[in-house]
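Here is the naming used below: chain letters follow the sequence lines, and residue numbers restart at 1 for every chain.
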Amino acid sequence: MTTETDKTTTEETMTIREMCDLFEVTPRTLRFYESKELIFPIREGTRRHFTRRDRARLKLILRGKRFGFSLEEIRQLLDLYDMGEGKTVQLARTYELAQQHLDEMKGQREELDRAIAELETQMEWGARELEKRRSNAA
DNA sequence: CTTCTTACA
DNA sequence: TGTAAGCA
């Protein structure tokens with residue numbers, strides 16, 4: 001028996017507020033994603049009603065974002081998903097993009113490591129220089 | 001009071 | 001995405 005606490009798995013519809021609390025995002029974000037066609041909540045008058053499908057997609061959207069995927073890439077991936085393009089194609093594309101982003105992220109880490117190393121040597125020089133000048137002044 | 005749209009930062 | 005304005 002499903003209680004009101006696991007609407008994520010139920011067919012129950014959720015309000016924008018409930019969605020925000022559950023996924024820790026702002027209403028602006030949900031409306032923004034809808035404008036980008038990443039999710040399509042049902043409209044009852046002007047109010048939005050998020051379905052189980054929207055919740056599943058949002059979950060993937062947020063994950064993809066954490067992995068550095070652009071909203072456009074995520075949208076295309078999501079489209080393949082429900083277009084029934086075949087799980088294999090879906091998986092292959094996702095893997096391809098993931099590999100691409102992984103390489104990109106590793107490259108960025110190397111750059112960051114270099115910048116950190118440089119800053120550290122500069123600061124070591126600065127520290128010695130400072131002590132030198134202090135002793136001369138004293 | 002909450003949600004929605006639109007426009008601007 | 002945040003914020004603000006004007007409605008419903």
Side-chain angles (χ1 to χ4, degrees):
Chain A
M1 67 186 102
T2 56
T3 59
E4 335 75 59
T5 54
D6 74 323
K7 293 183 178 179
T8 307
T9 55
T10 334
E11 192 57 75
E12 318 302 343
T13 189
M14 284 173 76
T15 66
I16 196 168
R17 174 46 53 191
E18 297 175 317
M19 287 292 281
C20 291
D21 293 337
L22 180 59
F23 293 96
E24 298 187 277
V25 295
T26 66
R28 177 72 169 92
T29 299
L30 296 180
R31 296 182 187 120
F32 181 69
Y33 289 168
E34 178 185 18
S35 73
K36 295 301 179 185
E37 298 185 278
L38 272 71
I39 52 179
F40 5 70
I42 298 172
R43 287 309 192 75
E44 187 183 310
T46 171
R47 314 293 188 180
R48 293 178 174 71
H49 290 322
F50 299 81
T51 67
R52 178 186 56 78
R53 183 177 178 231
D54 291 317
R55 293 189 285 274
R57 304 196 103 198
L58 182 55
K59 192 172 182 178
L60 293 177
I61 293 170
L62 297 178
R63 183 194 308 178
K65 202 178 61 174
R66 286 198 302 278
F67 293 165
F69 289 59
S70 70
L71 290 184
E72 176 54 28
E73 293 174 324
I74 294 174
R75 188 185 65 65
Q76 297 183 347
L77 248 29
L78 252 31
D79 282 352
L80 285 177
Y81 191 79
D82 50 38
M83 284 195 342
E85 279 276 355
K87 289 291 185 180
T88 307
V89 179
Q90 163 80 18
L91 186 60
R93 274 257 188 302
T94 302
Y95 187 87
E96 181 180 17
L97 275 182
Q99 185 60 257
Q100 183 182 311
H101 282 291
L102 181 60
D103 293 337
E104 192 177 319
M105 291 165 82
K106 286 184 176 178
Q108 294 179 353
R109 180 168 60 185
E110 284 176 26
E111 286 181 39
L112 190 55
D113 285 340
R114 278 196 279 276
I116 289 175
E118 282 183 42
L119 183 53
E120 289 180 328
T121 59
Q122 290 296 337
M123 289 181 78
E124 280 168 30
W125 180 87
R128 283 194 289 280
E129 190 66 13
L130 208 50
E131 286 177 46
K132 183 191 302 176
R133 299 188 183 189
R134 279 174 174 158
S135 57
N136 284 329

[X] [atom1] to [N] [atom2], straight-line distance once rounded to whole Å:
X: A:Arg17; N: B:dC4; atom1: CZ; atom2: P; value: 10 Å
X: A:Glu34; N: B:dT5; atom1: CD; atom2: C1'; value: 12 Å
X: A:His49; N: B:dC4; atom1: NE2; atom2: C1'; value: 13 Å
X: A:Asp21; N: B:dT2; atom1: CG; atom2: C1'; value: 13 Å

(message) Using a strict threshold of under 4.0 Å (side-chain N to carboxylate O), is an ion pair present between A:Asp54 and A:Arg48?
(response)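 The answer is no: the pair does not qualify as a salt bridge.
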(request) Scan every strand shown for a Watson-Crick or G-U wobble partner of B:dT2, both distances under 3.5 Å, and answer none if you come up empty. (result)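 Per the H-bond distance test, C:dA8.
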(request) Go through the steps to decide whether A:Leu62 and A:Tyr33 satisfy the test side-chain contact (heavy atoms from CB on, under 4.5 Å), and finish with yes or no. (result) CA-CA 11 Å; A:Leu62 297 178; A:Tyr33 289 168; 4.3 Å; yes
(request) State whether a side-chain donor-acceptor pair under 3.5 Å links A:Gln76 with A:Glu72. (result) yes
(message) Under 4.0 Å, counting only non-hydrogen atoms across every strand here, what does A:Lys36 touch: a base, just sugar-phosphate, or nothing?
(response)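 Nothing: the residue A:Lys36, judged by heavy atoms under 4.0 Å, touches no strand.
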Among [options], which is the nearest nucleotide to the side chain of [X]?
X: A:Ile16; options: C:dT1, B:dC4, B:dT5; answer: B:dC4
X: A:Arg43; options: B:dC4, B:dT3, C:dG2; answer: B:dC4
X: A:Thr26; options: C:dG2, C:dT1, B:dT3; answer: C:dG2

(message) Between the base of B:dT3 and the side chain of A:Arg31, is one N or O donor paired with an acceptor at under 3.5 angstrom?
(response) no
(message) Judged by each residue's nearest nucleotide on DNA chain B, which is more toward the 5′ side, A:Arg28 or A:Arg47?
(response)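 Its nucleotide being nearer the 5' end, the pick is A:Arg47.
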(message) C:dT1, OP1 or OP2 - any side-chain N/O from A:Thr29 closer than 4.0 Å?
(response)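 Yes, such a contact exists.
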(message) Taking only side-chain N and O atoms of A:Arg48, does any of them lie within less than 4.0 angstrom of OP1 or OP2 on B:dC4?
(response) yes
(request) Look only at the side chain of A:Glu18 and the backbone of A:Thr15, and say whether a donor-acceptor pair between them is shorter than 3.5 Å. (result)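 Here the side-chain-to-backbone pair exists.
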